[in-house]
Amino acid sequence: MKSSKKMKFASSSAEAEPTSTTTISDDSKSGRGMSTMPHVVKRKLQKLRPIVEYNKRGKGIGQAHSEMQSYIGVLARSRVPLVDMKWAQIPKDIKEQIWEAVDIAFVVGQGGKNSVLASAAKKWKDFKSTLTRHYILPYTNDRERLSQPPETYKFIEKAQWDAFVASRLSKDFESVHSQHAQIREKLEYNHRLSRKGYAGLEDQLEETMPGVEIDRSTLWKRARQDKHGNIPDPKVAEKAKLFDELQKQVSEGKVSVSGNNDVLTMALGPEHPGRVRGVGAGISPRQYFNLPKPQRISFDNRLKDSLRVLLQEENKKMEAKAREEALRMEARTKQLVEG
C-alpha cells in the first residue's frame, strides 16, 4: 500500500536558511542493501531539502521520512567504523558528521539531532547483526570465506573486518549470542512492517480509510498481514480473529472500552510498565492514552525545598543579628563622642 502524498521541499541557498517551499512528486524507490542513494545527492546539489513530516504523536511519517531513514542507514554503515564497541564509545566527531550530512539533505524538523543519531545507532547495531548472522556465523568452518569482507560491502577495511570476525568468533560473544537467541525464541506475534513502522502504517490507513478511527488493534493486525492481506502465522491469525469478535461486541454495545482497557489489552493481556503495543517505539502510555501527568515530587525536590526554607530562616537570623550589632555600635560610638 503506497501513499499518494507528494513530498514537500524547502529550497535554500548556501548563504541563507530555507525560505521557499515547493511540492514535487518523487516516485523513486530506495531498495535495501548498500545503496548510495544518488537521488539524495542530486537534490543536495540542487539545494532541495525534503521536509520530514510528523504525526500527532511526533513520529516521522511519509516518503521524506522513509528516505531520510534509508540515508541514515547508508551513513551509519559507511562512516562508522566496524568495531566491537557500543555506540556511546564512538567518537563524537563521527556522530557530528552523520548529523551534518542528514541536516544538509533534509529538513529534519521536530525530530532533531537526537532522533537522527538514535536512528543511526540502531542502524549501525543492526548492520553488525546482519554481518554476523549472514556473513560470519554460517561460515565458521570456512576460514577462507571469512578472510575477506563481503562483496556487498566492499567499503569495509580488511583490518576492521578481521578484527570484527575475531570478536564474533570469541567465547564471550558466543555466550552473549546464545542468551539473545533464547530471548528471541520467546517473542510471539512478530510484525511484518518495513522501515515505515507503525507511524507510516497509520498514516497510510488514515489516507485510505478516511473517517474511520484507527485503533491499536487495527494497527497490530495490519502490521502482521502479508501483501495479500493474509496472516501466515496461525497464532497471530487466532488473535486477529479475537480482535474482530471484540470489535464487533464493542460496536454492538456489549463490551465497553476505556483508556488502556481497549480491544488490544483485552485480547493480549495487560501492558508491560511504560510500554504501549501496536504503536511503535517511543510512545509512552501517558502520551498515547492521554493520561494525566502524575503529580509527584521527587526526594531531590523535597530536599531542595527544605534547604531553601532553612537558608531563608538562617538569612533572617543573620540579618537580625547584623541590625542589633549595628545599633549597639551606633550607641557605643555616640557615648564615646559625648565623653
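Residue numbers run from 1 in the order of the sequence given. All values reported here derive from a predicted model rather than from experimental measurement.
- Between the side chain of Ser170 and the backbone N or O of Ser167, at least one donor-acceptor pair lies under 3.5 Å.
- Counting only distance, with no hydrogens or angles, the side chain of Lys113 and the backbone of Trp99 share no donor-acceptor pair below 3.5 Å.
- Each of Trp161, Phe164, Phe127 was scored for a ring-ring contact (aromatic ring centres under 6.0 Å, His included) with Tyr153, with one residue passing: Phe127.
- A salt bridge links Asp162 with Lys158: the closest approach of a Lys/Arg side-chain nitrogen to an acidic carboxylate oxygen falls below 4.0 angstrom.
- Applying the side chain to side chain donor-acceptor pair (under 3.5 Å) test between Glu202 and each of Arg222, Arg57, Lys59 identifies Arg57 as the sole match.
- When side chains are defined from C-beta on, Lys239 does not count as touching Glu188, because their heavy atoms never get closer than 4.5 Å.
- Asp244 CG to Lys241 NZ: the interatomic distance, rounded to the nearest 0.5 Å, is 9.5 Å.
- Using modelled atom types and a 3.5 Å distance limit, the side chains of Ser129 and Asp126 yield no donor-acceptor pair.
- Looking only at atom types and distance, the side chain of Asp215 has a donor-acceptor partner in the side chain of Ser217 under 3.5 Å away.
- Rounded to the nearest 0.5 angstrom, Ile94 CD1 and Arg79 CZ are separated by 10.5 Å.
- Around CD of Glu252, the count of heavy atoms belonging to other residues, nucleotides or ligands within 6.0 Å exceeds 12.
- Considering only heavy atoms from C-beta on, Lys95 comes within 4.5 Å of Trp87 through its side chain.
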Pair Phe173-Asp84, side-chain contact (heavy atoms from CB on, under 4.5 Å): steps then yes or no: CA-CA 10 Å; Phe173 179 79; Asp84 185 28; 5.9 Å; no
Worked verdict on Leu75 versus Lys123 for side-chain contact (heavy atoms from CB on, under 4.5 Å): CA-CA 9 Å; Leu75 295 171; Lys123 288 173 171 55; over 6 Å; no
